[in-house]
Protein chains: 2
Amino acid sequence: MDASRSEGTSRRRYEDACAVAHGLDLVGERWALLVMRELMFGPRRFSDLRAALPGISANVLAQRLAGLEETGVLHRRRLPPPASAQVYELTEWGYEIEPVLRALGRWAARSPGHDPSLPISTVSLLLSLRTMFSGDHAAGLSARIALRLGAERYACGIAGGRITVAADPGDAADLVLEAAPAIIAALIYGGQPAEALEEAGLLNVEGDRALLARFVTLFPLPPKAG
Amino acid sequence: MDASRSEGTSRRRYEDACAVAHGLDLVGERWALLVMRELMFGPRRFSDLRAALPGISANVLAQRLAGLEETGVLHRRRLPPPASAQVYELTEWGYEIEPVLRALGRWAARSPGHDPSLPISTVSLLLSLRTMFSGDHAAGLSARIALRLGAERYACGIAGGRITVAADPGDAADLVLEAAPAIIAALIYGGQPAEALEEAGLLNVEGDRALLARFVTLFPLPPKAG
DNA sequence: CTGTATCCGTGTTGATACTG
DNA sequence: CAGTATCAACACGGATACAG
């Protein structure tokens, strides 16, 4: 019927003026939103993305990146020598997908079928902190928590009932947590006691332990549906 | 060929503890979110959904409805006689998908590729009113606008910088607009002057025309990206 | 080592036709 | 009206081979 497939551009679209439908045209394909999730804390290389997305295949990842670049959601950039590697970075508009990720994550957290024991990426954990943080629970608290997740270092600042989460190599922190993302998740969302995780050698704590006790209460999960 | 479809167990899932990924497991399949969109203003029948979703085929719609029912997002209900028809209705949890639809719609409205000239459903238009309404622009305004979209009647209440949109057969309104959804969209978002639409016989206005002039300014679109 | 391209088996999607 | 059956086209994911 149509010969418009010339350059593999036959993206299947909803023919619908609704902005939601158009949004799905842009980021509704399998993996697309998860690729964007992995870019929320800054540019990443192809292989970083592949490693963080269990199950994606190289060709699908390449397709998604090309598609998202074409629609202006991200762009590819070549790092200056000597680190002449290519990275993918969200555009300003691309970063604004965060409210969608938060709303979807918050909604899905109520699902009876949610299995928190599956693997979790660093970015997912950090994003979940932004999503689930409760300003009410943090009333009167002002603190800085360093997170050492594998090789990467992030910092989490809490003040005035708000939270910031960002990459940060600095060392000035009231509390330092060192563990795999899944362990931090078990600590905060799974109610695992820090002592048990430390004894098992899965978690390393430095600094203010009273702050740790408070910190793990700042991210309440919504009640399950059904 | 395979007998595994009877219990729908072959759903392709992201093996990822991230709530966003789980959300995509639930509503990330093609058409799923648009089916939910069409149910946002109350139960609908199979054929209503099919008519409102241009391009969906009967088997895919049936599959989506079955899948969404299985995950607890909607349930099917048989209307009491004599109207013994079957309808699909979101669960309480299902209705809570609205923030996701709003965030995605708001984000996609900034897309340079958004084509507002495509067909638009009644529900899409109503949802867009909730999404794009600006309390600032409505400061000091209190009014009731009746919308007659084809055979269906909805009412839009504005007070205290907030908007409500719901089905309503009532007639008490300061302003009555009667037109196809695409025409209302052209009026509000496309900047089409009401007079031209009336002269073309596409729009019928009753009531407070000064209110109409104000009403169409209450839903500012975000600036385009790129 | 990083990123891309090409094959191929399989499952999903979508149009038409058909049944209760 | 409310779906099912059938089938063709496509998308996905794995493996492998290729290019800078």
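Convention: sequence-line order gives letters A, B, ...; per-chain numbering from 1.
dT4(C) atom P lies 8 Å from atom CG of Leu61(A), rounded to whole Å. For the pair Phe46(A) CZ and dG3(C) C1', the interatomic distance rounds to 6 Å; values are reported in whole Å. Rounded to a whole Å, the CZ atom of Arg76(B) is 18 Å from the P atom of dC1(D).
Taking side-chain N and O atoms only, Tyr88(B) has a distance below 4.0 Å to OP1 or OP2 of dG3(D). Taking only side-chain nitrogens and oxygens, Gln86(A) never comes nearer than 4.0 Å to OP1 or OP2 of dG20(D). A close approach under 4.0 Å does not occur between any side-chain nitrogen or oxygen of Gln63(A) and OP1 or OP2 of dA11(D).
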Per-nucleotide protein contact string for nucleotides 14-20 of chain C, where B marks a base within reach and S marks sugar-phosphate only (heavy atoms under 4.0 Å, - for neither) | BB-----
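Applying the salt bridge (charged side-chain N to carboxylate O under 4.0 Å, His left out) test between Arg76(A) and each of Glu70(A), Glu89(A), Glu69(A) identifies Glu69(A) as the sole match.
The aromatic rings of Trp31(A) and Tyr14(B) lie perpendicular to each other, with more than 60° between the two planes, well past the 30° mark. Using a 30° and 60° split on the angle between ring planes, Tyr189(B) and Phe219(B) fall in the perpendicular class, above 60°.
When side chains are defined from C-beta on, Ser111(A) counts as touching Trp93(B), because their heavy atoms get closer than 4.5 Å. Val165(A) has its side chain out of reach of Phe133(A): every pair of non-hydrogen atoms, C-beta onward, lies at least 4.5 Å apart. Considering only heavy atoms from C-beta on, Leu129(A) stays 4.5 Å or farther from Ile184(A) through its side chain.
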